[in-house]
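Some notes on the structure that comes next.
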Amino acid sequence: MRWSQHLIPTLKEDPRETQSPSHRLLLRAGYIRQHQAGVYIFLPLGWRVMQRVMTIVREEMDRIGAQELFMPSLTAREFWEESGRWQDFGDDMFRLRDRKGRDLALAPTHEELFAELARHFLRSYRDLPQIWYQIQTKFRDEPRPRSGLLRCREFLMKDSYSFDATWEGLDQSYDLHREAYTRIFQRSGLKFLVIEASSGLMGGSQSEEFMVISPTGEDTLVHCPQCGYAANTEVATAKPALPTPQSPFQKREKVHTPNVRTVEEVTAFLGVGPELLIKSLVYKVGGRTVLVLVRGDYDVNEAKLQRVLGPEARIATPEEVWNQFGVEVGFVGPIGLEVDEVIADELLEGAEGMVCGANESDYHIVGVAVNQDFQVSRFADLRTVRAGDQCPHCGTPLTVENAIEIGHIFKLGTKYSEAMHAYFTDRDGKEKPIIMGSYGIGIGRIMAAAVELYHDEHGIRWPASIAPFDVEIVEVDPGKVRPQAESVYQALQEKQVEVLWDDRAVSPGIKFKDADLVGVPVHVVLGRKVAQGLGEIKIRWTGEKIDVPLADLPDRVQTIVQDLKADVS
RNA sequence: CGGGGCGUAGCGCAGCCAGGUUAGCGCGCUUGGUUCGGGACCAAGAGGUCGGUGGUUCGAAUCCACUCGCCCCGACCA
């Protein structure tokens, strides 16, 4: 493709108001253009990358026997009512009304439609198993789109759904997806981890996420450098084996702590570490009030808490606490507070000499012993793992890192098949719900994650497998080297190498800078050495430069391109 | 949803606080010429509802109100 005849609008300066590297570079290098918050135009270069990613996805999905189909985005309210998600999605769902007044939604995901399709056509165990997938635009009205392609309101997703007659069958479909996903991300050239993910409230169904570690990522994962244990912080656990702190408070007494509310303030005021504090948090669960206790040096993990208390658990507002107990939230404590239940993190079991709020403004109580001075009905793992906590398997200090979620696989079970009445007749003649799995990959996120992972100060360095082109010809002085450029261009195309030829009438500096910015993995520089019959090959990844006789250029380039692609597949 | 920031030519910005001719600068763009290995040079030129609406004023990019859009931080931490 000749640069001069195509739309590749590179920017000399950084676009205003971009933070993350992928957002900034994809904009600057002419891959995407923003249309609205969280909605992007894919320009020719960007769309080529997306297409290459989609090709990999299709090949690997087809390899596990999945069938591609295509669902509508415009979906009728009734289907969402059947599963209850017309309500559950809330403001995240884009809704609209047609001229007849019917309610519609732009699909944020497609479990309901696939379940509906399955109930219509999959009637017998003989029809199972099946895996169906699509690559489709999803719409989610995110409260805060951010980081360019990483969190969008309109985005391309590969989603697939498995339908099995047995739980063993689901395990197989799930494992097939894990293998396919692993191959897809490997072939895309990404460094990634497969981690344990929150199975939400689906009753212990297995769920794993594919994560790219990156400071730009919005998710947080816990990782053991020793044994490889890795989990989303929503589910990550650590050994409770932590040294019992020595407390200076032997005797229980009320102390005056004027205007001292937060953990930081209390520790500073009393001169003790946060591990001696009990954080007391009031939660509402339906009509019940539950006091949740966690050590001062830990945060409550809401995902874990919801697994104990149920999905409707939410923290009480300061106003609710004041109205119910007449206490400021900073001074709430477990002693003498009239609540329906007190639950505590396991680290507090048997703790003594602790500090907690006195349920009275400007007072705390020190020297408190758990289960002596107050009763706890349940101890559970309710805390968020911190860096340095001990790995639950091998005891090694854990690391905590930000990560980008690029894929998620999930054993759904029968939640949707029951809700949508997707039943099949089994061998024994009985009607049973189809056992489902659901599996997603963010196409744009693969593209953005690759940039986050592999850029340098000059621009993007694409993995060869998903680069928009295999080679870019940098034609330094079109007036002198045009015939040579033309012939290299032709020869490479005949070898099925995808070439971007920078044939613009601009100065060499611009071409070199743009080539680095755009990030095609191999550059062929045709310049002053052409007079000596030489061209130069530059590897974008390493900066390595090789002089090659013009006659050998096409072959050498082809070999290098093949090698680079082999490296990532 | 809460907080902060920003909307002036295609892009990046100045001007606004202390209202006053034709609203500037750099890049880009057009034409002609010279150049050609890391964002060249000379000359001439085009390009603007100052986000929008309303108000104050003799006069508004500038002051006031409302509004739309975008970015960033936060959205359980007691």
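If you're wondering where the values come from, they're calculated on a predicted model, not measured in any experiment. Each chain gets a letter, A, B and so on, in the order the sequences are listed, and its residues count up from 1.
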Quick check: any donor-acceptor pair below 3.5 Å linking the side-chain of A:Lys279 to the base of B:C77? yes

Quickly work out the A:His35 NE2 to B:C70 P distance and round it to whole Å. 10 Å

Partner nucleotide, any strand, of B:C66 [Watson-Crick/G-U, under 3.5 Å]: B:G52

Pick base, sugar-phosphate or nothing for A:Ser147, based on heavy-atom distances below 4.0 Å to the nucleic acid. sugar-phosphate

Under the 6.0 Å and 45° cation-pi test, does A:Arg140 pair with A:Phe155? no

Starting the side chain at C-beta, find the nucleotide from B:G38, B:G37, B:A78 nearest to A:Asp516. B:G38

Okay, side chain of A:Arg540, backbone of A:Ile460: is any donor-acceptor separation there less than 3.5 Å? yes

Would you indicate what A:Val292 reaches in the nucleic acid, counting non-hydrogen atoms under 4.0 angstrom: base, sugar-phosphate, or nothing? nothing

A:Phe331 vs A:Ser507, nearer the 5' end of RNA chain B by closest nucleotide: A:Ser507

If you measure from the P atom in B:G12 to the same atom in B:C72, how many Å do you get, rounded? 15 Å

Given B:C36, B:C70, B:G39, identify the nucleotide with an atom nearest to the side chain of A:Pro508. B:C36

Is it true that the NZ or CZ of A:Arg153 lies under 6.0 Å from the centre of A:Phe94's six-membered ring and within 45 degrees of the ring axis? no

Rounded to whole Å, please give me the gap between CG in A:Asp297 and P in B:C77. 17 Å

With sugar-phosphate meaning primed atoms plus P, OP1 and OP2, does A:Gly527 contact a base, only sugar-phosphate, or nothing at under 4.0 Å between heavy atoms? base

A:Arg528 near the nucleic acid: base, sugar-phosphate alone, or nothing, with a heavy-atom cut-off under 4.0 Å? base

Find the distance A:Asp502:CG to B:G37:P and express it as a whole number of Å. 15 Å

Select base, sugar-phosphate, or nothing to describe what A:Glu265 touches, counting heavy atoms under 4.0 Å on all strands. nothing

If you measure from the C1' atom in B:A23 to the same atom in B:U49, how many Å do you get, rounded? 14 Å

Ignoring hydrogens and angles, answer whether the base of B:G12 and the side-chain atoms of A:Asp14 contain a donor-acceptor pair closer than 3.5 Å. no

Centroid-centroid under 6.0 Å between A:Tyr31 and A:Trp462 rings: yes

Touch class at under 4.0 angstrom, heavy-atom based, for A:Val476 against every strand present: base

Side-chain touch A:Val476/A:Arg528, heavy atoms, less than 4.5 angstrom: no

Check whether any side-chain N or O of A:Arg146 sits under 4.0 Å from OP1 or OP2 of B:C72, and answer yes or no. no

Give A:Lys538 one of three labels, base, sugar-phosphate or nothing, depending on what nucleic acid heavy atoms sit under 4.0 Å from its own. base

Out of B:G37, B:C77, B:C27, which nucleotide sits closest to the side chain of A:Asp299? B:C77

In whole angstrom, give the distance that lies between atom NZ of A:Lys513 and atom C1' of B:C36. 17 Å

Check this for me: does the side-chain of A:Arg144 come within 3.5 Å of the base of B:G3 through a donor and an acceptor? no

Atom-to-atom span, CZ of A:Arg28 to P of B:G12 - whole angstrom: 12 Å

Just to confirm, is there a sub-4.0 Å distance from OP1 or OP2 of B:G69 to any side-chain nitrogen or oxygen of A:Gln34? no

Derivation and outcome, salt bridge (Lys or Arg N to Asp or Glu O under 4.0 Å), residues A:Asp299 and A:Lys279: CA-CA 9 Å; A:Asp299 292 335; A:Lys279 276 194 210 179; 3.1 Å; yes

Please report, rounded to the nearest Å, how far the P atom of B:A78 is from the CD1 atom of A:Ile315. 10 Å

Is a donor-acceptor contact shorter than 3.5 angstrom present between the side chain of A:Asp514 and the base of B:G39? yes

Distance in angstrom units between A:Phe512 CZ and B:A40 P, rounded: 12 Å

Note: for A:Ser20 and A:Asp477 on RNA chain B, the residue whose nearest nucleotide lies more 5' is A:Asp477

How far, in whole Å, is B:U31 from B:G24 if one measures between their C1' atoms? 24 Å

Figure out the CH2/P separation between A:Trp322 and B:A78, and round it to whole Å. 18 Å

Over all strands shown, is A:Glu302 touching base, sugar-phosphate only, or nothing at heavy-atom distances under 4.0 angstrom? base

Do A:Thr137 and A:Glu154 pass the side-chain hydrogen bond (donor to acceptor under 3.5 Å, both in side chains) test, and can you show the C-alpha distance, the side-chain angles, and the key distance before you say yes or no? CA-CA 7 Å; A:Thr137 304; A:Glu154 174 178 335; 4.8 Å; no

Of the nucleotides B:G39, B:A78, B:U8, which has the atom closest to the A:Val263 side chain? B:A78

Going by the angle between their ring planes, with limits at 30° and 60°, are A:His23 and A:Tyr40 parallel, tilted or perpendicular? perpendicular

Under a 3.5 Å limit for both distances, which nucleotide forms a Watson-Crick or G-U wobble pair with B:G19, could you say? none

Would you indicate what A:Ser280 reaches in the nucleic acid, counting non-hydrogen atoms under 4.0 angstrom: base, sugar-phosphate, or nothing? base

Does any N or O donor sit under 3.5 Å from an N or O acceptor when you compare the side chain of A:Glu13 with the base of B:G26? yes

Please pick, from B:C6, B:G39, B:G37, the nucleotide with the shortest atom-to-atom distance to any side-chain atom of A:Glu536. B:G37

Can you check the distance between B:A75 and B:C11, where both ends of the measurement are the P atom (answer in whole Å)? 33 Å

